[in-house]
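This report concerns only the one structure given below.
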Amino acid sequence: MMDWIAMTTGFILILMGLYGALTHRNILRIIVSFTLANTGVNLVLVSVGYMLGRTAPILDKAVPMAEAVTRIIDPLPQALVLTAIVIGLGITAMMLTYAYKLYEAKGSLDIASYRELKW
Amino acid sequence: MLGATAVAIIRLRSLFAVVMLSGIYSLLSASIFVALDAVDVAFTEAAVGAGISTMLLLGTLVLTGHYENEPAHKPLIPLVVVIVTGAVLIWGTLDMPHFGQPDNPIQQHVAPRYIEDSPREVGVPNMVTSVLASYRGYDTFGETTVVFTALVGVLALLGVRQGKTPVQPYNHPDQPPRPVLQVMSKLLMPYILLFALYVQFHGDFGPGGGFQAGVIFASGVILYTLTFGLDDAYAMIHPRILSPLAALGVMLYGATGVAGMLLGSNFLDYSVLAHDPVHGQHYGILLIEFGVGLTVACVMIMIFYAFMSRGEKLG
C-alpha cells in the first residue's frame with residue numbers, strides 16, 4: 001500500500017513540477033518547480049526499492065545477519081537517492097546563482113524580460 | 001498533504017510563502033521516506049531540503065525581490081504537455097511487475113548479493129553506508145566531485161567578497177541588537193555541531209554519514225551567520241580557510257583510493273588498508289566519509305557566504 005501511495009505521489013509531483021516550470025514566469029518559481037520534480041523522481045526511485053513487510057537496511061539485534069536477506073529492503077536505491085539529493089542541492093545552488101546573475105543584468109526575474117534568445 | 005503543499009507551491013503568488021512552503025514540503029517528503037524505510041534518505045532530505053535549500057532560496061529572494069507578474073496567457077498548452085507526459089509515464093508502468101514484491105526482477109540480482117555478503121565483506125551494520133562508501137565508492141567519489149564543482153561554479157559566477165562586508169540590516173548600528181536570537185543561537189550552536197559530528201562518525205552503525213553530517217554542520221554555521229552577521233562569521237570560519245578545506249575533502253577521498261592501489265589492490269578497495277580486510281573497510285569508510293563530510297560542509301558554507309556577501313540591497 002505504502003509503495004503505491006509513494007509511487008503515485010512521486011509521479012504526480014514530477015508532473016506538477018513540470019507544469020509549474022512551464023507555466024510560471026518568474027525564474028525563481030521555475031527553480032522551485034524543478035526541485036519539486038526532483039523530489040518526485042527521488043520518491044519514485046525509493047519506492048521501487050521498497051518491499052512490503054520488510055525493514056530498513058541496518059543490521060542490529062532486531063535484524064540478525066542470518067535473516068537479513070528476507071527481512072530488509074534493497075539498500076542500493078537508497079544510496080543512490082541519498083547522493084541524488086545532495087547533487088540536487090548543488091544544482092539548485094547553481095541555478096540560483098545564474099538567476100541572480102540574470103537579475104543583476106536586467107533587474108528582473110520575469111522571463112518576459114529576456115528576449116535575446118527568442119527569434 | 002504533500003500534494004496539497006505542492007499545489008500551494010505551484011498556485012501561490014507570494015514568493016516568500018512559496019519558499020517557506022518548499023521547506024515544509026521537504027519535511028513532509030522526508031516523512032514519506034521514513035514510511036518507506038529509507039531512513040538515510042529521509043535524514044538527508046530533511047537536512048538538505050528543509051535547511052540549506054530553503055536558506056539559499058531565501059537568500060536569492062532577498063537579493064531579487066518578491067513579486068511575480070500574472071501569467072500572460074492561459075496555461076492550456078502546458079496542461080496538455082503535462083497530461084501527455086503523465087499518460088506516457090503511466091503507460092510505461094503498465095507492464096511493470098507489481099511493486100513491493102520480493103520476487104520482482106529488480107530485487108533478484110544485486111540486492112541479495114549486497115545483503116548477504118556485505119556483513120562479511122564490509123562488516124558495517126548500516127548497509128546504505130556500505131553500498132554508498134564501499135561497493136559504489138566510485139559513484140560517491142564522482143558525486144563528491146560534483147558537489148565541489150558546484151562550489152567552483154558558484155564562486156566563478158558570484159565570488160565571495162572577503163573585504164569589509166556591506167552593512168546588513170541585522171548588524172546595522174541603527175538597528176537594535178537581537179538578544180533573544182543571538183543568545184538562542186549561541187545556545188544551540190554547540191549542540192548542532194556536536195550532533196553533526198555524531199552523525200558523521202555514527203554513519204556506519206545507524207542512519208547518517210558524511211553527506212548528512214556536512215549539511216548539518218553547515219546549517220550550524222549558517223545559523224550563526226544569520227544572527228551575528230557575516231563579519232563575525234568570517235572571524236569564526238574565514239572563506240580563505242574554507243575553499244582549501246573543500247578541496248582537501250575530495251583529495252582525502254581520492255588519496256584513500258590511491259592508498260588502496262599502492263598497497264596492491266584496486267582503486268577504492270579498502271580491504272588492504274589493514275591486516276584484517278573488514279578492519280581495512282572500516283578505516284577506508286571512516287576516511288572517505290570524513291572527506292565527504294568535510295567537502296559538503298565547506299561547500300555549503302561557501303555557497304551561503306557567496307549569496308550573503310552580495311546583500312548590499314538588503315534593508
Side-chain angles (χ1 to χ4, degrees), chain A residues 2-4 6-7 9 11-13 15-16 18-20 22-23 25-26 28-29 32-33 35-36 39 43 46-48 50-52 54-60 65 68-69 72-76 78-79 81-83 85-87 89-90 92-94 96-101 103 109-110 112, chain B residues 2-3 6 9-10 15 18 22 29 32-33 35-41 44-45 48 52-53 56 60-61 63-64 68-69 71 75 78 81-82 85-86 89 99-100 102 106-107 110-112 114-116 119 125-128 131-132 136 140 143 146-147 150 153-154 157-158 206 211 296 303:
Chain A
M2 192 58 221
D3 55 327
W4 275 104
M7 183 75 86
T9 319
F11 276 133
I12 292 174
L13 288 178
L15 295 177
M16 282 173 76
L18 184 62
Y19 178 76
L22 287 173
T23 48
R25 292 154 55 89
N26 186 298
L28 204 60
R29 295 293 296 273
V32 174
S33 301
T35 60
L36 280 192
T39 312
L43 215 51
V46 169
S47 66
V48 163
Y50 181 72
M51 280 185 260
L52 287 170
R54 298 199 178 188
T55 183
I58 296 174
L59 298 177
D60 58 3
M65 206 187 290
V69 182
I72 65 177
I73 61 175
D74 189 355
L76 189 59
Q78 299 195 13
V81 170
L82 200 161
T83 43
I85 291 174
V86 181
I87 301 296
L89 179 61
T92 310
M94 279 305 290
L96 288 174
T97 313
Y98 278 120
Y100 177 67
K101 284 310 252 191
Y103 182 81
L109 277 183
D110 194 330
Chain B
L2 191 68
I9 291 177
I10 299 294
L15 291 180
V18 166
S22 76
S29 59
I32 288 198
F33 284 132
L36 285 174
D37 289 326
V39 274
D40 280 276
V41 179
T44 319
E45 176 68 40
V48 166
I52 309 279
S53 170
L56 288 182
T60 325
L61 194 63
L63 294 177
T64 55
E68 184 192 22
N69 297 331
V81 169
V82 167
T85 317
L89 280 178
F99 301 119
I106 185 177
Q107 320 286 16
V110 286
Y114 286 148
I115 294 173
E116 271 172 30
N126 185 353
M127 272 180 206
V128 177
V131 169
L132 187 80
R136 299 275 165 155
T140 313
E143 276 137 8
V146 168
V147 170
V154 170
L157 286 168
L158 283 184
F211 286 108
V296 170
I303 291 179

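Small disclaimer: the values here were computed from a predicted structure and weren't measured. Convention: sequence-line order gives letters A, B, ...; per-chain numbering from 1. FYI, side chains are in, hydrogens and waters are out, and symmetry mates aren't considered; it's all heavy atoms of this structure.
- In terms of heavy-atom pairs under 4.5 Å with chain A, the best-connected choice from B/V81, B/V296, B/V18 is B/V18.
- For B/L132 against A/A79, the heavy-atom pair with the smallest separation is CD1-O, 3.5 Å.
- Residue B/I303 touches chain A through its side chain alone, counting heavy-atom pairs closer than 4.5 Å.
- For the options A/G20, A/A93, A/G90, heavy-atom pairs under 4.5 Å to chain B are most numerous at A/A93.
- For A/I85, the parts sitting under 4.5 Å from any heavy atom of chain B are the backbone and the side chain alike.
- Chain B forms the most heavy-atom pairs under 4.5 Å with one residue out of A/T9, A/L18, A/L36, and that residue is A/L36.
- For A/I87, the side chain to side chain contact (heavy atoms under 4.5 Å, CB included) partners are A/I91, B/E143, B/V146, B/V147, not counting sequence neighbours.
- When all heavy atoms of B/D37 and A/Q78 are compared, the closest pair comes out as O-NE2, 3.2 Å.
- Note: A/L82 leads A/L82, A/L43, A/V86 in heavy-atom pairs under 4.5 Å with chain B.
- By the side chain to side chain contact (heavy atoms under 4.5 Å, CB included) test, B/L89 pairs with A/F11, A/L15, sequence neighbours left out.
- The residue among A/T35, A/I12, A/V46, A/V32 with the most heavy atom pairs within less than 4.5 Å of chain B is A/V46.
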Check your understanding: Going through the distances and angles, do A/M16 and B/V82 end up as a side chain to side chain contact (heavy atoms under 4.5 Å, CB included)?
Key -> CA-CA 8 Å; A/M16 282 173 76; B/V82 167; over 6 Å; no
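- A/L89 has its side chain within reach of B/L56: a pair of non-hydrogen atoms, C-beta onward, lies under 4.5 Å apart.
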